[in-house]
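Heads up, the thing below is written out as structure tokens.
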Amino acid sequence: MYKTIIGLEIHAQLLTKTKAFCSCSAENFEFEPNTNICPICTGQPGTLPVLNEEVVKLAIKAGLILNGSVNKYSRFDRKNYFYPDLPKNYQITQYFHPIVTNGYIKIGDKKVRIRRAHLEEDTAKMLHEGDQISTAQESLIDFNRSGIPLLEIVTEPDIETPFQTRQFMEKLRDLLRYAEISTGDMEKGALRCDANISILDENTGKISKRVEIKNINSFKFVEKALEYEKERLIKSLETEEELIQETRGWDSVKKETFSMRTKEEEMDYRYFPEPDLLPLILTDEFIDTVKKTIPEMPDEKMKRFVTQYNIPEYDAGILSSSKELADYFEKCVEKVKDAKFVSNLIMTDLLRAMKENEDNIENVKIKPEFFSDFKELLDSGKISTKIMKEIFPEVYKTGKSPKEIIKEKGLEQIDDEAELRNIVEQVIRENPDSVEKYKSGKTKLLGFFVGEVMKRTKGKANPQKTNQILKEFLD
Ligand code: ADP
Ligand code: ZN
Ligand code: MG
């Protein structure tokens, strides 16, 4: 039996207005390359960093929602290395005294421990040959990202499968979004993950080399890259091929990992305390003030949904997975007063339509009022559930109300006794053979008659009433 061991080092860009140590904007995308920069974040001689208070608040918030200890004493250190994306030749980080230690995230019953979370600054962005922007054999550099605040979160190697890793990352993203700490957008690089993996052969006690996969930029690729690496490491144990401890990258086109470099040791970085920044000392009052800004988190919300609205835990879990979706759900319930009805319609038709159209809840055209439209139309017998499901995509696409669409398409259910009787009479008159058979005991033919009525009314006849009238005539 092989046991997979996975631990993560995650970088989340913090949602501040300005960068960590200067007053440049922390917005990463709206600027032309190298226009959102200043002497501080480009490491000019003689400049000094000034710590952004908002950065500290967001780190505290993160510490609290990740169930960690927020340390009243933390400090900044220099991590030294030479690379073009690092203008000072060192990165300001927290090595010896991180701001957060000892948290955890639960995925179902599984607890993944978080060893630490510390503050640091982002590097500049390199664009290499083959990237979209650069065509020649050259590399370009954009300093706009340099100095954007990051929270690095390091887990213990508690994760047991590639799939669980993906669940962990998605849960972390949900939490960071909820508390407005980070957008958690992996595709845009606001959340990045380096995954460490090794394999233990439980029979022999032999453990494979540990590999670190860098620069994974989507939730799907986290899982894919680890699946690939898991197989590669198991094979190495089986063939007793010696692998090296190394850092690898994920090629999402070839769907395989490739070697980047042998792993550097911590001591290579010559960490030492940052002399340009004072130790960071927090008071209980300050931590308390931050605590008060934390909104209701997904797990609490889920439990509330179950008790307050009496919906299944599974549904409540999905509805509370994003704050926007949860708010939408509650707005709809306010209008309709039937939480189960709303939850069913969201869980099936709405989420399906959103997925098909790659929309998110913020730009969905179905207004909460439309849910009460649907409910009224159903309750008054004007439409059937089948018709509701049929027109749903149209309502979704056009943003027109269900009532409007029903009218436009002439889909209102035929509910009028006299009109239904007329149609039933016609059907019976035109099918004397079937009537004979029905009377001689083949009562299953009722379905045939219902079908005929539906054909004539293009499915609009009220099914209960149709049944009742047919029976009256036939019996
Ligand atoms: P290093 O000092 O070599 O960087 P750390 O103990 O600091 O190692 O751990 C770095 C990351 O690697 C952490 O996320 C941790 O969970 C993970 N990790 C540690 N040991 C293992 C292992 N045997 N297999 C997989 N991941 C591991
Ligand atoms: Zn700057
Ligand atoms: Mg380490």
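Residue numbers count from 1 along this sequence. All ligand and atom numbering here is 1-based and tracks the order in the structure.
Contacts of Arg115 with ligand 1, taken as heavy-atom pairs under 4.0 Å, involve the side chain alone. If you look at Ile5 next to ligand 1, the close heavy atoms, those under 4.0 Å, come from the backbone and the side chain alike.
Residue Ser198 has at least one N or O atom closer than 3.5 Å to an N or O atom of ligand 1. Between Leu8 and ligand 1, an N or O atom pair is found at a separation short of 3.5 Å. Considering backbone and side-chain atoms together, Pro157 places an N or O closer than 3.5 Å to an N or O of ligand 1.
Side-chain atoms of Gln13 and His11 form no donor-acceptor pair, as typed in the model, at a separation below 3.5 Å.
Here atom 11 (C) of ligand 1 lies nearest to Asn196 when heavy atoms of Asn196, Leu200, Ile199 are compared. With atom 1 (P) of ligand 1 as the reference point, the heavy atom nearest to it among Lys209, Arg113, Glu9, Arg210 is part of Arg210.
When all heavy atoms are compared, the tightest approach of Asn36 to Asn144 is N-OD1, 2.9 Å. Considering every non-hydrogen atom in both Cys193 and Leu8, the closest pair reads SG-CD2, 3.9 Å.
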Legend entry - Evaluation steps, salt bridge (charged side-chain N to carboxylate O under 4.0 Å, His left out), between Glu229 and Arg248: CA-CA 9 Å; Glu229 206 50 34; Arg248 295 174 75 85; 3.6 Å; yes
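In terms of modelled atom types and a separation under 3.5 Å, the side chain of Glu160 and the main chain of Lys3 share no donor-acceptor contact.
With the Zn ion (ligand 2) as the vertex, SG of Cys22 and SG of Cys24 span 110° to the nearest 10°.
Within the listing of ligand 1, atoms 13 (C), 14 (O), 15 (C), 16 (O) sit less than 4.0 angstrom from a heavy atom of Thr155.
A distance below 6.0 Å separates the ring centres of Phe392 and Phe374.
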